Amino acid sequence: MLLGSSKSVTIFVILAVLRLNFAFKLNDKLTYVWPLPSEISSGDHILSIDPGLSLVVGGEGGNSSIIEDAFERYKRILFKDGESFSIFQAFRFKRSAYDINELKIVVHSPNEELQLGVDESYTLLVDGGDGESIIAEATIEANTVYGALRGLETFSQLCTFDYGNKSVQIYKAPWYIRDRPRFSYRGLLLDTSRHYLPVDVIKQIIESMSYAKLNVLHWHIIDEESFPLEIPSYPKLWEGSYTKWERYTVEGAYEIVNFAKMRGINVLAEIDVPGHAESWGAGYPDLWPSVSCKEPLDVTKNFTFDVISGILSDMRKIFPFELFHLGGDEVNTDCWLFTSHIKQWIRDRNFTTKDAYEYFVLKAQEIAISKGWTPVNWEETFNAFASKLHPKTVVHNWLGGGVCAKAVAKGFRCIFSNQEFWYLDHLDVPWDEVYEAEPLEGINITSQQDLVLGGEVCMWGETADASDIQQTIWPRAAAAAERLWSRREDISSGNISLTALPRFHYFRCLLNRRGVQAAPVTNFFAREPPLGPGSCYVQ
């Protein structure tokens with residue numbers, strides 16, 4: 001009897017899901033662009049896009065290779081379904097006239113430097129003419145190539161493949177969109193120390209970041225478990241890699257940085273010192289205080305800081321971004337006191353271990369600044385000795401709420417990554433909690449709000465590798481991406497189950513269509529497979 005009841009419940013659930021699938025349709029009152037643009041107006045016409053869509057450029061920056069390459073990328077995305085039908089179209093009626101035959105992109109500035117705060121604003125016009133003429137136009141206008149990239153992403157999300165007539169169409173035309181990001185820093189941390197990720201996998205993640213308009217890859221390259229990066233000045237350092245096949249050459253790292261730049265994404269590199277650095281000693285054991293104390297690094301030796309300086313000099317040639325992350329978190333200094341020469345060094349200076357920790361962090365900051373970098377440190381450094389940090393320091397919050405409010409009150413800039421909501425390895429955090437986490441919570445003074453650069457979601461790698469990393473990142477990272485891009489007043493009111501969830505489902509399915517293994521939205525644990533048969537749009 002119980003078995004029969006269980007089967008009945010299962011059948012009922014499956015039938016309910018199927019009814020939802022068959023009934024699903026888009027809500028005409030919602031805009032299915034993610035993240036939500038700042039200003040939007042639309043109509044009720046349908047326009048067709050020519051598969052031979054051509055690019056017309058204007059402005060001083062219009063001839064950029066960044067624009068040309070991006071146009072070709074998006075064209076492949078838009079027309080990949082249509083290509084599979086091209087054989088059959090040769091034997092049937094083929095439409096000879098399309099509403100939109102060209103996309104015009106106007107970029108006013110020729111400057112392609114990609115740094116924090118670069119102008120990413122754009123306007124997008126998709127005009128259907130006067131209603132009587134078949135002539136239509138699509139135009140993206142931006143001050144920089146990076147604004148144009150964001151406009152191209154939005155344009156691509158307006159385009160839908162119609163399986164009935166096998167053509168790409170834009171619904172609800174004409175469209176006028178004027179858009180700009182809320183925060184200048186919209187990041188994703190990627191940890192390649194706990195599990196090595198091949199260069200091609202990192203590129204796939206960068207590509208997927210561009211779909212959500214994220215603009216900083218925080219590359220946590222090195223940690224206590226492994227040191228996979230080539231450092232020419234100290235070539236034995238990458239002896240700390242797991243194997244000789246799990247390494248990044250200088251050329252490979254530069255390839256990642258250049259690939260990211262072509263998509264308007266900066267790469268923020270990190271070495272986490274003085275803790276989280278045991279792997280350094282595999283090649284240079286003198287960096288360890290002793291064989292029984294392998295981290296924090298030896299604070300007493302000039303050699304330690306010579307190695308840091310060499311690493312930063314080599315990395316400066318690869319990573320042009322103005323920010324550099326020096327870590328500084330979770331530093332347990334206990335074993336320093338059980339290492340005789342460090343204990344004596346501390347006594348000679350009348351230091352405590354906290355003072356020695358401060359000394360190390362500040363010395364590393366000096367080195368980074370001397371290389372032309374602005375230092376970023378995890379919040380423990382601020383919590384321990386805020387008054388001693390270099391005034392340029394960017395405080396990176398992670399332990400909990402309220403830290404950015406304290407940091408900006410003291411004049412520091414801050415990045416929000418509250419682990420309660422934005423740590424993607426926490427698989428039990430649902431999409432809505434990610435979505436509603438607010439970087440400006442408790443910060444009401446405008447001048448202090450301006451010091452919050454933005455935020456990032458963190459993909460720590462203890463339980464994620466190339467086999468499951470994309471479905472761990474997506475779609476929840478996109479929830480934070482909209483929080484960081486869209487106007488607060490537009491996404492913080494109303495019932496998000498009605499205003500955001502249908503759009504979020506739609507974006508997750510868009511990621512799937514583009515080859516990104518984004519997991520179902522509403523499963524209790526992130527990255528779990530679907531619970532049963534059903535449409536992508538309701539899972």
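Here the structure is a predicted model, which is why all the values come from computation and not from measurement.
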Would [X] and [Y] count as having a side-chain donor-acceptor pair, cut-off 3.5 Å?
X    : Y    : result
D119 : S121 : yes
D348 : Q344 : yes
E441 : N418 : no
E141 : H108 : yes
S38  : R487 : no
T192 : W219 : yes
D298 : T304 : no
H218 : E456 : yes

Check: [X] side chain, [Y] main-chain N or O, donor-acceptor pair, under 3.5 Å:
X    : Y    : result
T31  : V33  : no
E295 : A277 : yes
S109 : N111 : yes
E379 : W398 : yes
D191 : I221 : no
Q115 : E322 : yes
R186 : W485 : no
S370 : I367 : yes
S486 : L36  : yes
D223 : S226 : no

Quick one: [atom1] on [X] to [atom2] on [Y], what's the gap to the nearest 0.5 Å?
X    : Y    : atom1 : atom2 : result
T522 : L501 : OG1   : CG    : 7.5 Å
L440 : I445 : CG    : CD1   : 12.5 Å
L399 : D329 : CG    : CG    : 8.0 Å
H220 : M459 : NE2   : CE    : 12.0 Å
N143 : E60  : CG    : CD    : 11.5 Å
L511 : Y506 : CG    : OH    : 12.0 Å

Notebook entry, point to check: Looking at E120 and K213, does any basic side-chain N land under 4.0 Å from a carboxylate oxygen?
Noted result: no
Checklist line | Check ion pair R514-E153 (N to O, under 4.0 angstrom) | finding: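 Between E153 and R514 there is a salt bridge, with a charged N closer than 4.0 Å to a carboxylate O.
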Item checked: Option passing ring-ring contact (aromatic ring centres under 6.0 Å, His included) with Y248 (candidates Y196, W238, Y254) ->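 Testing Y248 for a ring-ring contact (aromatic ring centres under 6.0 Å, His included) against Y196, W238, Y254 leaves exactly one candidate, Y196.
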Next item on the list: For ring-ring contact (aromatic ring centres under 6.0 Å, His included), just list the numbers for Y359 and W345, CA-CA rounded to whole Å, side-chain angles, deciding distance to a tenth of an Å, and then say yes or no.
Entry: CA-CA 12 Å; Y359 172 87; W345 182 89; 5.3 Å; yes
Can you establish whether the number of heavy atoms outside [X] located under 6.0 Å from its atom [atom1] is more than 12?
X    : atom1 : result
K301 : NZ    : yes
Y284 : OH    : yes
R178 : CZ    : no
N495 : CG    : yes
K236 : NZ    : no
R180 : CZ    : no
F303 : CZ    : yes
N350 : CG    : no

Check: side-chain contact (heavy atoms from CB on, under 4.5 Å) between Y185 and R413: does it pass, once the steps are laid out?
Finding: CA-CA 11 Å; Y185 186 110; R413 292 179 293 172; over 6 Å; no
Item checked: Ring-face cation of R263 near F259 (centre distance under 6.0 Å, axis angle within 45°) ->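 Cation-pi check for R263 and F259: passes.
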Margin query: Does the structure place the NZ or CZ of R483 under 6.0 Å from the centre of the six-membered ring of Y435, at an angle of no more than 45° from the ring's axis?
Written below: yes
Between [Y] and [X], is there a side-chain heavy-atom distance shorter than 4.5 Å?
X    : Y    : result
I473 : S208 : no
L217 : L190 : yes
K371 : S309 : yes
I369 : P375 : yes
L484 : F416 : no
W280 : L237 : yes

Notebook entry, point to check: Can you name the nearest heavy-atom pair linking P475 to V521, along with the distance?
Noted result: CG-CG2, 4.0 Å
Check: Which pair of non-hydrogen atoms, one from S184 and one from N215, has the smallest distance, and what is that distance?
Finding: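 Taking S184 first and N215 second, the nearest heavy atoms are O-ND2, 2.8 Å.
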Check the angle between the aromatic planes of [X] and [Y] and answer parallel, tilted or perpendicular using the 30° and 60° thresholds.
X    : Y    : answer
F382 : F412 : perpendicular
W378 : W460 : tilted
Y357 : F385 : perpendicular

Note to self: Tell me every residue that passes side-chain hydrogen bond (donor to acceptor under 3.5 Å, both in side chains) with S64, counting only those two or more places apart in sequence or in another chain.
What the structure shows: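 With sequence neighbours excluded, S64 shows a side-chain hydrogen bond (donor to acceptor under 3.5 Å, both in side chains) to E112, given in chain and number order.
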Note to self: If you apply the rule ring-ring contact (aromatic ring centres under 6.0 Å, His included), what do you find for Y211 with F507, and how did you get there?
What the structure shows: CA-CA 9 Å; Y211 301 152; F507 184 72; 7.8 Å; no
Checklist line | Stepwise side-chain contact (heavy atoms from CB on, under 4.5 Å) test for V429 and Y423 | finding: CA-CA 9 Å; V429 178; Y423 267 33; over 6 Å; no
Margin query: Testing E225, E246, E224 one by one against R194 for a salt bridge (charged side-chain N to carboxylate O under 4.0 Å, His left out), which residue passes?
Written below: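 Among E225, E246, E224, the one that satisfies the salt bridge (charged side-chain N to carboxylate O under 4.0 Å, His left out) with R194 is E225.
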Note to self: Using the rule given for side-chain hydrogen bond (donor to acceptor under 3.5 Å, both in side chains), can you reason through S233 versus D314, listing the C-alpha separation, both sets of side-chain angles and the distance that settles it, and then say yes or no?
What the structure shows: CA-CA 7 Å; S233 296; D314 287 351; 3.0 Å; yes
Next item on the list: Just do the salt bridge (Lys or Arg N to Asp or Glu O under 4.0 Å) check on K203 and E255 with the steps written out, would you?
Entry: CA-CA 9 Å; K203 286 182 177 180; E255 184 181 344; 2.3 Å; yes
Next item on the list: Return each pair, listed once, that meets salt bridge (Lys or Arg N to Asp or Glu O under 4.0 Å) where at least one residue sits in residues 351-365; pairs must be two or more places apart or across chains.
Entry: E358-K388
